[in-house]
Amino acid sequence: MKKSLAQRIGLGTFGVIVAFLFVFPTYWMVTSSLKTPGQVLSPDYDLIPSSATFDNFVTALTKPGFTTYLANSLIVTLGAVLCSLVAGVLAAVPLSRMRFRGRKGFLMLVLVAQLAPFEALLIPMYLLMRDAGLLNQLPSLLLVYFAATLPFTCWMLYGFVNGIPYDLEEAAMIDGCSRAGAFRRVTLPLLAPGLVTTSVFSFITAWNEFLFAFVFMRDQSRQTLPVWLSSFRTAFSVDWGGIMAASVIYAIPALVFFILVQRKLVSNLTAGAVKG
Amino acid sequence: MTTTKDVTTPAGATPPASPRIKPPKSNRRLRLGERTAPYLLILPALIAILVLLGWPTLQLIGISFRKLDLRELVSGEMVWVGFENFSEILSDSEFWEITVRTLVFTAAVVITTLLLALFMALLMRHLNPVVRVILQVALILAWATPVLATTTVFQWIFDQQYGILNKTLAKLGFEGFIGHSWFATGPSTLTVIGLLVVWQAVPFVAFTLYAGLLGVPKEQYEAAGIDGANGWQAFWAVSWPAIRPILTMVTFLSVLWDFKLFAQVWAIRQGGPDGASTTLPVYMYLKGLAGNHFGLAATAALLMMLVLILLTARYVQLLVRSKEADLS
């Protein structure tokens, strides 16, 4: 199925246009964040900015509260990722390496927990946190994000550990390693890519989460970045340049982590497909 | 013969102490440790799942049968009302309107996402490597931009006075769009939200389908070509069977994700104007946490869960069955 030159050029141009359409919102976010208030509000606009200013970033970062929201987001997200990674590895190893009664049942539990609509648990979770005195406290969100990401983390890591041949550990044990030592010296280093991929996925989930943060954190100083970003629209006059700069700052960690692992992520998720 | 004693030792009994055999006590302890080790290792995850997911699920069912307004919430009183919450919600015409709206919205978003993504996946296969990489980078950027950042940008693009969309339309001669509000009506607001969701959902689906297409051996296309199949026929004969299971998976995931959207709907217009863009999750929030009817909201959440289970039951069944086969 060879294509003619004209066809190839046409197809290529079309591809570039589609790419432009897809990247446009992100592009517009970045370029708007680099504009002065005058440029932002004028009836004309530059698709390609003629000048750039970092004033909006300075404004965003020095805005009272912004760094607090950023810190809150980082604390609950990284805390949840760490917890679910530790609990996930601990669970994935016996699931993959040992045979024990209830193993299959636990795997089913993990699978079902992963598919359950987490948002429906808002009310009971809210009451649970209220009774525990954790509303308006960062640990409440950390726990919720931990619970939200854990089933997926267990499932992914179980797959990753399965992918590492057990023979390698056995060989290390013959050479005198203990079972735990063999795991630590042989399998854990090989598991590193799996740990990175899984933690990035958890990171994105928690970093994006809005509903629980919005409901649990009524106290302004405890809010996270997504909640803060959603609140400006009701304000009277909107500093679009500043908001776009804040959005860019918010997007950077997710973008960086994501780009590192997206290839791996796709292949892992596709592996879950079944014949229908 | 002095060895008779050894021979008559019943199998499985404690072997006689000998310098070369480990003492039985430590041997048993090792076996016990081996037996409890897996349980100790899965314990943190098990506790977390049961306490943070299992318990709230049971609570949800319990609360849906209780009257739990602000008064009961503060006093801690348990007021059981049987199916009263269910009958109140199910007889609320607003609930049905919102359910239908949510279903239509989900269907529209999922179908648009899938068609667009399939198109993108096929496009990627036919592009030359340079353009393909450009397209892939664009998709990854759209995919990875956090939801709320994206929502904010869409508000900026669709802004009534200063948004680039109205500015561009005015420049193109559609003067009527100067100061046009895209959030004045429910359908228009939902369209913008749908666009936002589709834009962010397409990349994942497109990459997944593309990965599926890459898995098809080239020879199959060559064979189809030799048999005289045109592009369209080759697609149905070769590509389609290969990506069908993946398509089932992404359809299921998309339904799951799009049905329970809250952040975008809430951030764009809080379900407004006049509740015209309210979806089920927003309804649940408004009833429960904004309106202080926690019992009713729990019932709404339970009904929402049931609808979702109905929508995805077939796939979950397939998934569980296939995993059961893997696990045994």
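Just so you know, these numbers use all the heavy atoms, side chains as well, and skip hydrogens, waters and symmetry mates. Source: prediction; values computed, not measured. Throughout, a chain's letter reflects where its sequence line sits, starting with A, and its residues are numbered from 1.
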Looking at every non-hydrogen atom in both residues, tell me the closest pair between A:R97 and A:V161 and how far apart they are.
NH1-O, 3.4 Å
With a cut-off of under 6.0 Å to the ring centre and 45° to the axis, is B:R125 in cation-pi contact with B:Y221?
yes
Structural part of A:I252 lying under 4.5 Å from a heavy atom of chain B:
neither
Please state whether the side chain, the backbone, both or neither of B:T168 comes within less than 4.5 Å of a heavy atom of chain A.
both
Hey, do the aromatic rings of A:W207 and A:F257 have their centres closer than 6.0 Å?
no
I need the full list of side-chain hydrogen bond (donor to acceptor under 3.5 Å, both in side chains) pairs touching residues 50-63 of chain B, with sequence neighbours left out, sorted by first then second residue.
none
So what's closer than 4.5 Å to chain A heavy atoms on B:L123: side chain, backbone, both or neither?
side chain
In short, B:A229 meets B:A234 closest at the heavy-atom pair CB-N, 4.1 Å
Can you tell which part of B:L68 gets under 4.5 Å to a heavy atom of chain A, answering side chain, backbone, both or neither?
side chain
Let me know if B:P281 has heavy atoms under 4.5 Å from chain A in its side chain, its backbone, both or neither.
neither
Honestly, the part of B:L46 sitting under 4.5 Å from a heavy atom of chain A is both
If I measure from the heavy atoms of chain B, does A:L225 come under 4.5 Å with its side chain, its backbone, both, or neither?
neither
Side chain B:R66, main chain B:G295, donor-acceptor under 3.5 Å
no
Could you tell me which of B:V250, B:V202, B:T150, B:L60 has the largest number of non-hydrogen atom pairs under 4.5 Å with chain A?
B:L60
Does any heavy atom of chain B fall under 4.5 Å from the side chain of A:L128, the backbone, both, or neither of them?
side chain
Go through the atoms of B:F252 and report whether side chain, backbone, both or neither lie under 4.5 Å from a heavy atom of chain A.
side chain
For each of A:L111, A:V23, A:L121, tally heavy-atom pairs with chain B at distances under 4.5 Å, and name the one with the top tally.
A:L121
A:F14 vs B:F119 aromatic rings, parallel, tilted or perpendicular, using cut-offs 30° and 60°?
perpendicular
Between A:P43 and chain B, with a heavy-atom cut-off of 4.5 Å, which part of the residue counts as in contact: side chain, backbone, both or neither?
backbone
Checking heavy atoms, do the side chain of A:F214, its backbone, both or neither come under 4.5 Å from chain B?
side chain
Where on B:W257 is there a heavy atom nearer than 4.5 Å to chain A: the side chain, the backbone, both, or neither?
neither
Would you kindly say whether A:N56 and A:S33 are connected by a side-chain donor-acceptor distance under 3.5 Å?
no
For each of B:I178, B:L247, B:L139, tally heavy-atom pairs with chain A at distances under 4.5 Å, and name the one with the top tally.
B:L139
In terms of heavy-atom proximity below 4.5 Å to chain B, should A:L47 be classed as side chain, backbone, both, or neither?
side chain
What part of A:M244 lies closer than 4.5 angstrom to a heavy atom of chain B: side chain, backbone, both or neither?
side chain
How close do A:N208 and B:V147 get, counting heavy atoms only, and between which atoms?
OD1-N, 2.8 Å
So which part of B:L256 gets closer than 4.5 Å to some heavy atom of chain A, the side chain, the backbone, both or neither?
side chain
Parallel, tilted or perpendicular: which one describes the rings of A:Y126 and A:F216, with boundaries at 30° and 60°?
tilted
Between A:L11 and chain B, with a heavy-atom cut-off of 4.5 Å, which part of the residue counts as in contact: side chain, backbone, both or neither?
both
Using heavy-atom distances under 4.5 Å, tell me whether B:V137 contacts chain A through its side chain, its backbone, both, or neither.
neither
Part of B:Y39 lying under 4.5 Å from any heavy atom of chain A
side chain
Heavy-atom distances under 4.5 Å only: say whether A:S42 touches chain B with side chain, backbone, both or neither.
backbone
Not counting sequence neighbours, which residues clear side chain to side chain donor-acceptor pair (under 3.5 Å) with A:E209? List them please.
A:Y145
Once rounded to the nearest 0.5 Å, what's the spacing between atom CG of A:L135 and atom CE of A:M129?
8.5 Å
Select one option (side chain, backbone, both, neither) describing which atoms of A:V256 are under 4.5 Å from chain B's heavy atoms.
neither
Could you tell me which portion of A:V18 (side chain, backbone, both or neither) has an atom closer than 4.5 angstrom to a non-hydrogen atom of chain B?
both
Heavy-atom distances under 4.5 Å only: say whether B:M124 touches chain A with side chain, backbone, both or neither.
neither
Which pair of non-hydrogen atoms, one from B:I243 and one from B:L209, has the smallest distance, and what is that distance?
CG2-O, 3.9 Å
Count the heavy-atom pairs under 4.5 Å between each of B:L308, B:I157, B:I134 and chain A, then report the option with the highest count.
B:I157
Heaviest contributor of heavy-atom pairs below 4.5 Å to chain A, chosen from B:V131, B:N128, B:L302, B:L280, is B:V131
Could you check whether B:K171 makes a cation-pi contact with A:Y45, meaning its NZ or CZ is under 6.0 Å from the centre of the six-membered ring and within 45° of the ring axis?
yes
Scored by heavy-atom pairs under 4.5 Å with chain A, the best of B:W266, B:F154, B:F294 is B:W266
Would you say the side-chain atoms of A:S32 and B:W156 include a donor-acceptor pair closer than 3.5 Å?
yes
Can you tell me which of B:L53, B:L58, B:I164, B:I63 forms the most heavy-atom pairs within a distance under 4.5 Å of chain A?
B:I164
With only heavy atoms counted, which part of B:L141 is less than 4.5 Å from chain A, the side chain, the backbone, both or neither?
both
Which of parallel (below 30°), tilted (30 to 60°) and perpendicular (above 60°) describes A:F20 and A:F24?
tilted
Per-residue contact mode, A:D131 against chain B (heavy atom under 4.5 angstrom):
neither
Is B:T151 close to chain A through its backbone or its side chain, or both, or neither, when contacts mean heavy atoms under 4.5 Å?
neither
Go through it in stages, so that I can follow the logic: the residues are A:F203 and A:F258, the test is ring pair (Phe, Tyr, Trp, His ring centres under 6.0 Å), and I'd like the CA-CA distance, side-chain angles, deciding distance and then a yes or no.
CA-CA 9 Å; A:F203 181 92; A:F258 209 83; over 10 Å; no
Taking the side chain as C-beta and beyond, is there a heavy-atom pair between A:V215 and B:Y285 under 4.5 Å?
yes
